Asks: 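Sharing a structure, written as structure tokens. Questions coming.
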There are 2 protein chains.
Amino acid sequence: MSTINDVSRLAGVSKATVSRVLSGSRGVKEASRQAVLKAVEELNYRPNVIAQSLLSQSTGCIGVICAQENINQTTGYLYALEKHLSQHQKHLLLRFANTQAEVMSALDELTCGLCDDVLIIGARFPLHLPHDNVILVDCAQTDVPNSIQFDHAFAAETACNYLISQGRRQIALIHPDTNGSAERVLHGYKLALENNFLPFNRSLVFMDSVSSSVALQELLNNAATLNFNALLVADEQEAQRVIAQLQAFNKSVPGDIMVFSLAGSLQLPGIPAIPAIEYSMDAMAARIVSWLTEKTQRVLGASVLRGDLITPTIRKR
Amino acid sequence: MSTINDVSRLAGVSKATVSRVLSGSRGVKEASRQAVLKAVEELNYRPNVIAQSLLSQSTGCIGVICAQENINQTTGYLYALEKHLSQHQKHLLLRFANTQAEVMSALDELTCGLCDDVLIIGARFPLHLPHDNVILVDCAQTDVPNSIQFDHAFAAETACNYLISQGRRQIALIHPDTNGSAERVLHGYKLALENNFLPFNRSLVFMDSVSSSVALQELLNNAATLNFNALLVADEQEAQRVIAQLQAFNKSVPGDIMVFSLAGSLQLPGIPAIPAIEYSMDAMAARIVSWLTEKTQRVLGASVLRGDLITPTIRKR
DNA sequence: CTGTTAGCGCCTTCAC
DNA sequence: GTGAAGGCGCTAACAG
């Protein structure tokens, strides 16, 4: 790869002039400008970004540490993030990490000058963060200067209101507390019931069961007395599992039981479309990138992102 | 962030000694070694990798440009790649690109000193590659020094042999030519039929239909005369679509028709498990990383990766 | 064993 | 307008 020295030599000017032409390029005689451009072309010269980084003390690289359990969900994050980042001349450096130790070591490796900032996505464990240029997205920890959380209470409330509007007043809820979000979900659930003057039935709620399939089993075993006709689950994966289980018991979806996913909808052939809350990855990415570019106006507490209600009739796009 | 100068000053030694302690650390008096280590600890000093990169002319960054149509497939690639790369102290810089122009511009941005090498994954269009440190994975173009292709002929042959062994002798094939791989698939298909002394029936093969759902429709319309009892499709997504379509026509899977995916198996609740060819992302990543680390022994033509036969009885793990 | 020097490629003063 | 010099943080070669 040719350097600025090669160009300056070939063009018969000094390095400074070459630099001037390629950056601000104001106050350079047209003749030497042309000479530089010609030499650049000839040598196929492109400034070394590493040398520029050393000088500017910033690389334009954003580290993204994915700590999510459900790997398939990361694709959405990554695609949206990369799209927004590259629009701002920033690069996305990807790491996967499954444990706290892995996250910390990844963080160490990325913050030695390589990355200007780091995002941690979906960590379900507490993190001790010495750095101030770390942003947490959908993580269990919320008491951090920069973090984005999904508004789980709002999602649950919206879900219940929708289900009730569809004539479903016996709403079961299965939501293992992977995230620390269960409490918020329950809050939204109760709030919606209250606002609709519906009683809260403890036996319809399963938040700490080891397996959600066992929870559904319990619901089905007591179906006669419980008489539930809607089921709130944590995400699309759960929804799919649950639908299969319901169908195995000859319960039709949504005829007998309407299944609602609190995160991500289900749009697969051969599986009934279900209502769901969907979080716009695009909105999230936009917010993050704006934090990254305008460092000043970061939030102090957690920033909250609300999801959209998607119903089988209101199809996406 | 503190620099090597801060450390040398605090430790009362020269920069060189600090550097020596932190790298080779041989031939340093124990006393000064301790002093350096103490200063490093105190200042929480870590060498700036960018400065090191400038000197060594390598960043340890590998650019990965994903040009796949099916975004969901990329997760597998990325996870396996990142795992292997980070084991070798290499970083994965991610870009998505949908068109030839986007790939080229991404390539430009990454090869200005930022990335040591670049991988392009799943590009379905021809690429003009001036760089010699670019590796193509599962791309349409094969006439490039470094590329990995999946052995589609082998996959189709294996698939047919398996289906025949299961008593399915009327094997339909739906495989739109997205990849330039259709020809190879057909070759493997024919080969297996030949070796099993079965006739080749042209009307069972659909490789250029606009929509594969139309192709299946044709097959179903002529089911009475064609009498097909197995169906080869390109990937798991297709398989899922096709299964739904078959079930809508009251064809049972695999009872009436055994569906086989030529790339990626289907392991979802509520959907019948099907036989498939699966490519080990891990094996692929390992091969790529070995190319990256031992630059000498690169292949000249395309390197070919064969997939594993996964059947519903031989479950993964 | 250790300090000094030079230079990786670039940009930014500061003189001319 | 333009060139020379200095320095970003680090390591390697060369002296001591």
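Computation of the quantities below employed the complete heavy-atom set of this structure, encompassing side-chain atoms and omitting hydrogens, waters and symmetry-equivalent molecules. Residue numbers begin at 1 in each chain, while the letters A, B, ... track the order of the sequences. It should be emphasised that the depicted structure is a prediction, and the values quoted were computed from it without experimental measurement.
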Asks: Is it true that A:Arg95 and A:Glu109 have a side-chain N and a carboxylate O under 4.0 angstrom from each other?
Replies: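 So A:Arg95 pairs with A:Glu109 through a salt bridge.
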
Asks: Which nucleotide of DNA chain C is the first, and which the last, in the 5' to 3' direction, to come under 4.0 Å of a heavy atom belonging to chain A?
Replies: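 Reading along DNA chain C, I get C:dG9 to C:dT12.
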
Asks: May I have the step-by-step check of side-chain hydrogen bond (donor to acceptor under 3.5 Å, both in side chains) for B:Ser8 and B:Ser14, ending in yes or no?
Replies: CA-CA 5 Å; B:Ser8 73; B:Ser14 74; over 6 Å; no

Asks: With heavy atoms under 4.0 Å as the rule, sort A:Ser32 into base, sugar-phosphate or nothing.
Replies: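 The answer is sugar-phosphate, as A:Ser32 gets under 4.0 Å only of primed atoms, P, OP1 or OP2.
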
Asks: Does the side chain of B:Tyr77 pick up a donor-acceptor pair with the side chain of B:Asp138 at under 3.5 Å?
Replies: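 Yes, side-chain donor-acceptor contact under 3.5 Å.
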
Asks: Rounding to 10°, can you tell me the angle the first-five-pair axis of the helix from C:dC1-D:dG16 to C:dC16-D:dG1 makes with its last-five-pair axis?
Replies: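 One end's axis against the other's: 50°.
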
Asks: For a quick check under 3.5 Å, do A:Thr111 and B:Arg46 share a side-chain donor-acceptor pair by atom type?
Replies: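 Indeed, the side chains of A:Thr111 and B:Arg46 share at least one donor-acceptor pair under 3.5 Å.
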
Asks: Is it true that A:Lys38 and A:Glu41 have a side-chain N and a carboxylate O under 4.0 angstrom from each other?
Replies: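 Here A:Lys38 does not pair with A:Glu41 in a salt bridge, since their nearest N and O are not under 4.0 Å apart.
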
Asks: Measuring from A:Leu94:CG to A:Ile65:CD1, what's the distance to the nearest 0.5 Å?
Replies: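 Answer rounded to 0.5 Å: 10.0 Å.
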
Asks: Spell out protein contact along nucleotides 6-16 of chain D as letters: B when the base is contacted, S when just the sugar-phosphate is, - when no protein heavy atom is under 4.0 Å; keep the 5' to 3' order.
Replies: -BBBBBBB---

Asks: Is the closest side-chain donor-acceptor distance between B:Thr75 and A:Thr75 under 3.5 Å?
Replies: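 Their side chains do contain a donor-acceptor pair, which is all the 3.5 Å distance test asks for.
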
Asks: Say you draw a straight line from CG of A:Leu37 to CD of A:Glu30; how long is it, rounded to the nearest 0.5 Å?
Replies: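 Rounded to the nearest 0.5 Å, the CG-CD separation comes to 8.5 Å.
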
Asks: Check whether A:Asp235 reaches the backbone of A:Ala263 with its side chain - one donor and one acceptor, N or O, closer than 3.5 Å.
Replies: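 Side chain of A:Asp235 to backbone of A:Ala263, a donor-acceptor pair under 3.5 Å: no, none is there.
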
Asks: Between atom CD1 of A:Ile135 and atom CG of A:Leu119, what is the distance when rounded to the nearest 0.5 Å?
Replies: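 Between A:Ile135 CD1 and A:Leu119 CG, I get 5.5 Å after rounding to 0.5 Å.
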
